[in-house]
Enquirer: 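Below is the structure I would like to discuss, written out as structure tokens.
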Amino acid sequence: MEVSLNKNPQTPNLPEEDNAVSPWIEAWRSFRRNKLAIIGTCIVLFFIMIAIFAPYIAPSGINEQVMAKRLLPPSSEHWFGTDDFGRDIFSRVLYGARISLWVGFLSVMGSLVVGTLLGILAGYYGRWVDTIISRTFDIMLAFPSILLAIAIVAVLGPSLRNALIAIAIINIPNFGRLIRSKVLSVKQEEYIIAARGIGMKNSRILFKHVLPNSMAPVIVQGTLAIATAIIEAAALSFLGLGAEAPNPEWGKMLSDARPLLTQAPWTMFFPGIAIMLTVLGFNLMGDGLRDALDPRMKN
Amino acid sequence: MSKVLLKVENLKKYFPITGGIFSKKIGDVKAVDDVSFFVKRGETLGIVGESGCGKSTTGRMLMRLIEPTEGSVIFDGKELTELNDTEMRIIRKDVQMVYQDPYASLNPRHTVEQILEEPLIVHGMGDKQERRKRVKEMLEVVGLSGYHAKRYPHQFSGGQRQRIGIARALMTKPKLIIADEPVSALDVSIQSQVLNLLEDLQAEFGLTYIFIAHDLGVVKHISDRVGVMYLGRLVEITTSSKLYEHPLHPYTEALLGSVPIPDPTVSLDREILTGDLPNPADPPQGCAFHTRCKKCMDICKIERPQLAEIEPDHYAACHLYEQSI
């Protein structure tokens with residue numbers, strides 16, 4: 001057996017070049033090993049591709065009505081069948097991905113940005129700032145979220161855009177609370193005290209030190225929240241408070257298909273499957289991100 | 001330029017204890033109670049004491065990382081407790097701190113270069129090239145290499161991280177460095193390396209240190225003068241040699257007696273500290289140490305002794321020596 005001797009005992013096994021491994025790269029390495037997370041990511045990417053290329057894949061437009069072909073079951077011509085206006089459900093489901101993903105991303109972005117800002121202020125400054133922000137969150141969380149969303153849409157008027165705003169608003173407290181609690185623990189860390197000791201301004205400490213170290217749970221929550229937002233958008237559309245006809249929003253399609261459930265179940269089945277798969281994809285991806293990013297799992 | 005770099009007078013930190021439904025203040029934890037000392041330019045003042053005696057709180061109050069309840073801190077002729085936030089931030093260029101836990105005191109999401117560069121950015125020192133150059137220089141000064149700059153803290157060992165922490169403290173060329181138990185989280189074999197590094201740096205850059213520790217051996221190795229704290233109070237302060245050879249305060253005696261001697265033949269008739277540290281929220285009346293003191297007298301239970309110069313340059317707060325003044 002041959003044993004290789006290390007000639008430089010000062011720096012054992014370390015090559016003398018840049019081999020920086022950032023915490024993000026480490027997280028990616030552990031994410032990559034998680035099979036379910038990769039499956040989830042693939043599902044999400046699949047739907048994103050569908051959303052982008054819908055006009056090229058879809059055999060017909062979203063509102064091409066062929067009355068002679070109403071309520072046809074799935075066939076080689078109409079993979080997912082047709083609805084009561086003779087529209088191709090396959091094409092509509094493809095276009096629906098655009099709406100659902102758009103609503104999911106945009107509303108989560110909105111609540112993430114606002115929630116993070118409020119949460120970080122509440123957590124870092126404490127005292128009355130915290131009292132005002134946290135109590136507002138408590139009040140918002142005291143309503144069932146879908147009820148609050150309905151109320152907001154009722155005030156703004158039913159449309160997809162307003163549904164999106166409502167979903168963004170109702171999710172703000174979730175992000176705000178999450179980041180507030182994270183900031184509370186991060187600001188006690190010695191490197192934050194060290195940052196003050198160096199002579200840094202609060203703004204620099206907040207955005208260069210506190211925020212980057214508080215983002216991991218928000219990224220996880222953000223991914224999971226996209227799934228919830230898609231369901232909430234579908235629910236609002238199902239109730240007639242979101243997308244308007246003839247927009248092929250998945251929830252709206254479900255709602256339109258409701259009276260046809262017994263005679264043409266495919267009208268309901270395929271949009272439902274699309275919602276389920278997208279949500280599953282985001283959830284698997286979010287769980288994987290949690291495992292990869294959560295320091296409690298790591299240590 | 002006066003010989004004294006830092007003068008601390010009657011420094012106090014009381015943390016309020018609240019209770020009841022309305023969170024009314026029902027008392028104080030006197031974390032630091034009436035501490036006065038000075039540090040001369042170029043010397044090392046060691047501060048020792050048991051856990052919870054207020055030594056770290058004192059260190060942090062000197063930089064106003066914790067706001068003092070009362071007292072004055074005069075650094076280089078300036079009264080720090082009267083400065084506003086902006087003025088205080090500027091002062092921090094001259095007073096830097098080395099922290100206890102090298103695993104917690106470096107931002108895990110920044111590279112070593114970013115960590116070391118930041119004090120210079122914050123204080124507007126140099127352009128990008130000069131800053132990068134100084135980062136490489138300082139890394140080599142503390143015994144690391146320039147190519148380490150692109151790595152992240154988690155890629156280093158504890159000793160190496162503490163070197164990075166020291167390099168960070170030196171970036172702005174400070175006058176005073178407060179080292180808050182800088183080696184207590186390190187392996188014994190690494191401790192002496194870091195201590196030697198601190199000594200070399202002091203000689204090279206003419207630094208002044210306040211060295212906080214609970215390990216008397218470590219403090220003896222590095223300090224010119226040593227202050228001993230007990231329950232938020234300074235009980236004895238003198239030169240390192242006087243303290244170790246001829247301690248005055250019974251608490252110091254007991255502390256020295258508790259240092260293990262690696263020789264089984266040495267008899268064990270030394271003073272060993274018994275009993276627990278009293279509750280700092282409810283400290284004993286009179287001398288705080290009387291509950292554990294072998295030489296306790298009646299007056300110790302009633303009156304609190306003041307720090308007084310018993311011998312030249314040897315201060316102690318103990319009733320035993322009051323007649324001799």
Side-chain angles (χ1 to χ4, degrees), chain A residues 8-30 125-127 131 182-183 185-219 293-296 298-299, chain B residues 59-60 62-66 85-116 118-124 143-156 160 165 168-169 171-172 174 178 180 185:
Chain A
N8 186 358
Q10 284 289 302
T11 51
N13 307 325
L14 287 177
E16 291 208 10
E17 66 223 42
D18 296 346
N19 51 352
V21 183
S22 82
W24 296 118
I25 292 176
E26 280 219 323
W28 163 243
R29 285 181 184 165
S30 105
Y125 288 102
R127 294 163 184 268
T131 310
K182 185 70 187 168
V183 167
S185 72
V186 167
K187 81 170 178 179
Q188 299 296 332
E189 296 277 352
E190 214 164 41
Y191 57 81
I192 301 298
I193 298 167
R196 283 211 295 140
I198 283 165
M200 261 178 245
K201 285 181 190 159
N202 274 333
S203 54
R204 188 181 175 92
I205 297 176
L206 267 182
F207 290 105
K208 289 257 174 184
H209 294 263
V210 176
L211 189 61
N213 282 292
S214 310
M215 280 317 280
V218 175
I219 292 169
L293 291 172
D294 199 325
R296 273 170 305 177
K298 231 174 167 183
N299 293 337
Chain B
R60 290 190 176 181
L62 300 182
M63 292 191 77
R64 281 183 58 197
L65 290 173
I66 296 175
D85 282 359
T86 318
E87 292 164 331
M88 194 58 221
R89 281 201 296 107
I90 294 162
I91 288 286
R92 286 181 181 149
K93 188 175 131 189
D94 292 327
V95 191
Q96 285 285 319
M97 202 154 178
V98 177
Y99 297 85
Q100 176 175 2
D101 184 353
Y103 291 89
S105 62
L106 305 174
N107 187 336
R109 301 211 176 269
H110 283 188
T111 61
V112 169
E113 188 166 53
Q114 286 174 304
I115 290 169
L116 295 185
E118 200 156 32
L120 300 180
I121 298 173
V122 167
H123 292 289
L144 296 168
S145 302
Y147 67 83
H148 285 129
K150 297 282 180 209
R151 292 194 189 155
Y152 287 86
H154 69 92
Q155 295 175 280
F156 294 92
Q160 286 174 318
R168 173 174 61 186
M171 288 306 284
T172 57
I178 300 167
D180 186 1

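Sequence lines set the chain letters: A, B, ... in the order given, protein chains first and strands last, and positions in each chain run from 1.
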Enquirer: Sub-3.5 Å donor-acceptor pair from the side chain of B/His123 to the main-chain atoms of A/Ile198, do we have one?
Expert: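 Answer holds: yes.
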Enquirer: Please flag which part of B/Ile121 lies under 4.5 Å from any non-hydrogen atom of chain A: side chain, backbone, both or neither.
Expert: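 B/Ile121 touches chain A through side-chain heavy atoms alone.
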Enquirer: Salt bridge (charged side-chain N to carboxylate O under 4.0 Å, His left out): which pairs involve residues 200-217 of chain A, sequence neighbours left out?
Expert: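 Listed once each, the pairs are A/Arg204-B/Glu118.
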Enquirer: Mind listing the closest non-hydrogen atom pair of B/Ser105 and A/Ala194 along with its distance?
Expert: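 Between these two residues, the closest heavy atoms are O-CB, 4.1 Å.
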Enquirer: What are the two closest heavy atoms between B/Leu65 and A/Gly197, and how far apart are they?
Expert: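 Answer, listing the atom of B/Leu65 first, then A/Gly197: CD2-N, 3.6 Å.
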Enquirer: Do A/Glu190 side-chain atoms and B/Tyr99 backbone N/O form a donor-acceptor pair below 3.5 Å?
Expert: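 No; zero donor-acceptor contacts below 3.5 Å.
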Enquirer: Less than 4.5 Å apart, any side-chain heavy atom of B/Arg92 and any of A/Met200?
Expert: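 Not touching, per the 4.5 Å side-chain cut-off.
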Enquirer: Any idea which of B/Gln114, B/Gln100, B/Met171, B/His110 has the most non-hydrogen atom pairs under 4.5 angstrom with chain A?
Expert: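 Maximum pair count with chain A is reached by B/His110.
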Enquirer: Hey, which of B/Thr86, B/Asn107, B/Val112 has the most heavy atom pairs under 4.5 Å with chain A?
Expert: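 Option with the greatest count: B/Asn107.
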Enquirer: Between atom CZ of A/Arg196 and atom CE of B/Met97, what is the distance when rounded to the nearest 0.5 Å?
Expert: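 Nearest 0.5 Å value for the CZ-CE distance: 11.0 Å.
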Enquirer: Any idea which of B/Met63, B/Lys93, B/Arg168 has the most non-hydrogen atom pairs under 4.5 angstrom with chain A?
Expert: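 The candidate making the most pairs under 4.5 Å is B/Arg168.
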